[in-house]
Amino acid sequence: MESGTIPLSSIPGPFDLQATLESGQTFLWTRADERTYLDPAPREGTDWYRTALDDQVVAVRQTGDALEWRATERDPTEALRDRLRLDDEMAQMLASLPDDPLIDAATAAFPGLRVVDEPFFPTLVSFILSAQMRVERIHSLVQSLGETYGQPLSFGEETVYAFPTPEELAAATERELRDLGLGYRAPYVLESAAMVADGTLSADDIRSLPYEEARTRATEFVGVGEKVADCVLLFSLGFTDPVPLDTWIRSAIEEYVPDIEVTTYRDTSRAIRERFGPYPGIAQTYVFHYLRHREALTAAGRAQQ
DNA sequence: CTCCAGGGAGCCT
DNA sequence: AGGCTCCATGGA
């Protein structure tokens, strides 16, 4: 077992591991203590979060002045920098966001939240599952897929499962996936996994296109409409434009930006991106996380007084 | 019991 | 193109 630290001083701008991994962008990490999302972290830093990363198990936690890591085979620092976008100049990017009351409140509530850059296929499947599903349950199902179809990797005395490859998942049956609890999404996952496995549509096919064309192309996957396509582009393909228009963001537009008429996805997206520029996806990710937790934040604020 | 969840497919006009 | 309806499942 290897171990080491990444000093927070080497990361430009604020960084918040818990907010980054528990804000519904990625469902590939698990908290070692199995507590639920956004339960308070221990005093001396966050809990350990684990994932399978490049054929080894990596665990990270954040302390007062560093990211500590443990890995079964080799130093994962470079991979962590890529996935958690540790090299982004966050202070500069946050300062460049428009001066808007909602964005200001969201960035102030969780400074250090970063938009992740996770692998394409697990992200595609995760957000196919996300249709009409709570964040916590998406996480539970993604973990179940790993435990059922993914490769086991030892982590000390414990076992961590990699997310299944397209081939491994495409070999499942609809009956099995329905028994796992995927419901009507089971055939969507199977068909899209087969499309990736046989090369019908790849991450590179989508990545190379201009944003709106990429979004349309991604909807060729089964179970992927414009909203899910936006999530995949934002959280796994490096696009900074997507503003996934889910129920939270749509209601936020009606409440905070009433002059934007919510019509078609394309036109609403264009209008909100104009307001959220120059990094609409980052602004959206902050706003989504803030909206889902602002009641708790308000309650905590009252408790402190 | 009802209602709802980071929506999308299929079918209708 | 835009508007319906149905879709599984679990938790509040």
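In what follows, every chain begins at residue 1, and chains take the letters A, B, ... in the order their sequences are listed.
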Could you go through A:Asp47 and A:Arg61, starting from their C-alpha distance and side-chain angles, then the distance that decides it, and tell me whether this counts as side chain to side chain contact (heavy atoms under 4.5 Å, CB included)? CA-CA 6 Å; A:Asp47 287 309; A:Arg61 71 171 175 179; over 6 Å; no
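- The side chain of A:Arg178 places an N or O atom within less than 4.0 Å of a non-bridging phosphate oxygen (OP1 or OP2) of C:dA8.
- Closest to the A:Gln284 side chain, of the nucleotides C:dG10, B:dG6, B:dA5, is B:dG6.
- Considering only the side chain of A:Tyr188, B:dA9 comes nearest among C:dT9, B:dA9, B:dG7.
- A:Phe221 comes within contact range of the sugar-phosphate backbone alone, with a heavy-atom separation under 4.0 Å but no base atom that close.
- A:Arg185 contributes no side-chain N or O that forms a donor-acceptor pair with the base of C:dC7 under 3.5 Å.
- One interatomic measurement links the two molecules: CZ of A:Arg137 to C1' of C:dT9, which rounds to 5 Å at whole-angstrom precision.
- A distance of about 22 Å separates the C1' atoms of B:dG6 and C:dG3, rounded to the whole Å.
- The residue A:Phe288 sits close to a base: some heavy atom pair falls under 4.0 Å.
- At the phosphate of C:dG2, neither OP1 nor OP2 sits under 4.0 Å from any side-chain N or O atom of A:Thr263.
- Under 3.5 Å, the side chain of A:Tyr184 and the base of B:dG7 form at least one donor-acceptor pair of N or O atoms.
- Ion pair A:Arg178/A:Glu174 flagged as a salt bridge, since at least one NZ, NE, NH1 or NH2 atom sits closer than 4.0 Å to an Asp/Glu carboxylate oxygen.
- Between the A:Arg31 side chain and the A:Glu22 main chain, no donor and acceptor come within less than 3.5 Å of each other.
- Using a 4.0 Å heavy-atom distance criterion, A:Thr219 is classed as making no nucleic acid contact.
- B:dA5: Watson-Crick or G-U partner is C:dT9, with both key distances under 3.5 Å.
- In this structure, the side chain of A:Asp100 engages the main chain of A:Leu102 through a donor-acceptor pair within 3.5 Å.
- Rounded to whole angstrom, the span from the CG atom of A:Leu177 across to the C1' atom of C:dA8 amounts to 13 Å.
- For the P atoms, the distance from C:dA8 to B:dG10 is 13 Å, rounded to whole Å.
- Ionic pairing of A:Glu255 and A:Arg294 is present here: one or more N-O contacts between side-chain nitrogen and carboxylate oxygen are shorter than 4.0 angstrom.
- Atom name C1', nucleotides B:dA5 and C:dC6: the rounded distance is 16 Å, in whole Å.
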